[in-house]
Undergrad: 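Okay, handing you the structure first.
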There are 2 protein chains.
Amino acid sequence: MEGKKILIVDDEEDILEMLAYNFNKEGLRVSKAANGAEAIETAEKTRPDIILLDVMLPDMDGISVCETLRKKPAFKNTLILFLSARGEDYSQVAGYNAGADDYIVKPIRIKILMHKVKVLLDRVAVPAAESLTGISINPERFSISMNGKETIIPKKEFELLSLLMSVPHKVFRREEILNDVWGDTYIGDRTIDVHIRKLREKFGSDVIQTVKGVGYKFMG
Amino acid sequence: MEGKKILIVDDEEDILEMLAYNFNKEGLRVSKAANGAEAIETAEKTRPDIILLDVMLPDMDGISVCETLRKKPAFKNTLILFLSARGEDYSQVAGYNAGADDYIVKPIRIKILMHKVKVLLDRVAVPAAESLTGISINPERFSISMNGKETIIPKKEFELLSLLMSVPHKVFRREEILNDVWGDTYIGDRTIDVHIRKLREKFGSDVIQTVKGVGYKFMG
DNA sequence: GTCAATATTAATTTAATGTTAACCACAATT
DNA sequence: AATTGTGGTTAACATTAAATTAATATTGAC
């Protein structure tokens, strides 16, 4: 798990430092945040592989932070692990509903926590370096580079391509695409196709492959 | 997570039944075991995707069961989730060391447990055990790899081959195949043959063997 | 050798996706 | 304010891959 990035969010200075110290010692690149707004901002900036998120924060609660992040395609596959003092069920369930990958009840047993983080990080697919297609993505600029040439593409196209590229070769089901790119707004079936078509127009018809009856995949 | 296989191991009849009922309702294919020996035997037979394993069993403890399974290549990537009444750290750490993917402390909150199982099952990109035939299956990609070459195959063919490969060497009766792959939709007898043929065309005629009057088997 | 089961092949049907153009909302430009 | 441009969605229709069936040949158990 060396070299992976972790973001730790907790308003208690002591805990924050203790965790940061331990994970840093394990070779992770640690960033920190003490409240929800800061957490989202830092997450955008550092793109961590995993986020430890305290449920109770001074400004907004961790659940909301998690939900906010999960809406962005970039954080679709980021691991999020809740830390909480509350033992109540509803909180845990709410956490999982918000898209958590795990839930740890305080007081934190550092060994167990590190184990969980390790297990989770090990499982995550490696983000795949430069792709064979010569296509790479620039999240800050909403742009795509293809063999060095940079193209700015519309938001929806960008989100769709980001999603597909997040796990090259994985087949994303239409349903999954709808959820991740369009969320709650309901759109017709053909809308996805049209966006796929536009992407193929721009980057070649080989980069996205159709799996009939299932969905689409990016050919890393 | 529909269609995935779960093995539940617990010596308490009530808990076993309760869990089986709930997971069955969610569309998982459930098998059960009440002790360690039975657990290993059933695991071999059904090749579950995930195992819920009580730490305390009448014959051997769950940790040993887990270690035993993890030694076999077939279970290298099977998810194993411990259930335990003990709250002590050492037990949890021992669990993780034995190769557990998660650890739940009783009393079981069914909602939380189901969430964990769901998250785990969703995330796993089964790297697929290499078989003797050199054929392996990539569920995420809807593809089959044969000696390193990857082929995307149509949905029905994929489902059929997945089924046969789920328990190599087991003869699947036509009736069973109909149920698992086609569910409620009724199709003629020849349809199965045709799909088998297409698979043989793609991967060689040796990989699937006919057992006349009964069904087909994958030659793991 | 007979007969039922399966293999094979091609033809057909079905369902999913591709394509195009039109439309609307909204932002940018003059 | 009117005009133009851009992005997003939809609808109608075309196209294609996949699934199924149907017809015929072959196989293997008895």
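We name chains A, B, ... by the order of the sequence lines, and we start the count at 1 in each one.
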Undergrad: Earliest and latest nucleotide of DNA chain D, 5' to 3', sitting under 4.0 Å from a non-hydrogen atom of chain B?
TA: D/dA18 to D/dG28
Undergrad: Indicate, with a heavy-atom threshold strictly under 4.0 Å, whether B/F158 touches base, sugar-phosphate, or nothing.
TA: nothing
Undergrad: Taking B/K5 first and then B/D49, would you say they form a salt bridge - that is, a charged N and a carboxylate O separated by under 4.0 Å?
TA: no
Undergrad: Taking atom C1' of C/dA7 as reference, at what distance in whole Å does atom CG of B/D189 sit?
TA: 13 Å
Undergrad: Counting only heavy atoms and a strict 4.0 angstrom limit, can you tell me which residues of residues 208-215 of chain B come near DNA chain D?
TA: B/K212
Undergrad: Strictly by modelled atom types, are A/E150 and A/S143 linked by a side-chain donor-acceptor pair under 3.5 Å?
TA: yes
Undergrad: May I have the step-by-step check of side chain to side chain contact (heavy atoms under 4.5 Å, CB included) for A/V65 and A/I51, ending in yes or no?
TA: CA-CA 11 Å; A/V65 174; A/I51 302 176; over 6 Å; no
Undergrad: Quick one: salt bridge (charged side-chain N to carboxylate O under 4.0 Å, His left out) partners of B/E44, sequence neighbours excluded?
TA: B/K72
Undergrad: List in chain and number order the residues that pass side-chain contact (heavy atoms from CB on, under 4.5 Å) with B/K202, two or more places apart in sequence or in another chain; answer none if no residue qualifies.
TA: B/I153, B/P154, B/E157
Undergrad: Are the side chain of B/R200 and the backbone of B/V207 linked by a donor-acceptor contact shorter than 3.5 Å?
TA: no
Undergrad: Under 4.0 Å between a Lys/Arg side-chain N and an Asp/Glu carboxylate O for B/D101 and B/R70?
TA: yes
Undergrad: Quick one: bend of the helix from C/dG1-D/dC30 to C/dT30-D/dA1 from 5 pairs per end, to 10°?
TA: 30°
Undergrad: To the nearest Å, give me how far apart CD1 (A/I187) and P (C/dC24) are.
TA: 19 Å
Undergrad: Only counting residues at least two apart or in another chain, list the ones meeting side-chain contact (heavy atoms from CB on, under 4.5 Å) with B/E176.
TA: B/K170, B/F172, B/R173
Undergrad: Closer than 4.0 Å, any side-chain N/O of B/R190 to the OP1 or OP2 of C/dT8?
TA: no
Undergrad: Does any non-hydrogen side-chain atom of A/L52 lie less than 4.5 Å from one of A/L113?
TA: yes
Undergrad: Taking salt bridge (charged side-chain N to carboxylate O under 4.0 Å, His left out) as the test, write out the residues that go with A/K156, two or more places apart.
TA: none
Undergrad: Could you identify which residues of residues 193-207 of chain B place a heavy atom less than 4.0 Å from some atom of DNA chain D, listed by residue number, or say none?
TA: B/V194, B/H195, B/K198
Undergrad: Does a side-chain N or O from B/Y216 land closer than 4.0 Å to OP1 or OP2 of C/dA5, or not?
TA: no
Undergrad: Please give, in whole Å, the distance from C/dT17 C1' to A/I192 CD1?
TA: 11 Å
Undergrad: Would you call B/E67-B/K71 a salt bridge at under 4.0 Å N-O?
TA: no
Undergrad: Is A/K32 salt-bridged to A/D10, cutoff N-O under 4.0 Å?
TA: no
Undergrad: For nucleotides 25-29 of chain C, give me every protein contact, N/O to N/O, under 3.5 Å, one pair per line with atom names.
TA:
none

Undergrad: Parallel, tilted or perpendicular for B/Y103 and B/F82, by the 30°/60° rule?
TA: tilted
Undergrad: Residues in ring pair (Phe, Tyr, Trp, His ring centres under 6.0 Å) with B/Y21, at least two apart?
TA: none
Undergrad: Would you mind writing out the side-chain donor-acceptor pairs for residues 192-199 of chain B within the sub-3.5 Å range, not counting sequence neighbours?
TA:
unit_1	atom_1	unit_2	atom_2	d
B/D193	OD1	B/R174	NH2	2.4
B/D193	OD1	B/R190	NH1	3.0
B/D193	OD2	B/R190	NH1	2.1
B/H195	ND1	B/T191	O	3.1
B/R197	NH1	B/E201	OE2	2.5

Undergrad: Output all residues satisfying side-chain contact (heavy atoms from CB on, under 4.5 Å) with A/E38, sequence neighbours left out; order by chain, then residue number.
TA: A/A33, A/A34, A/N35, A/T42
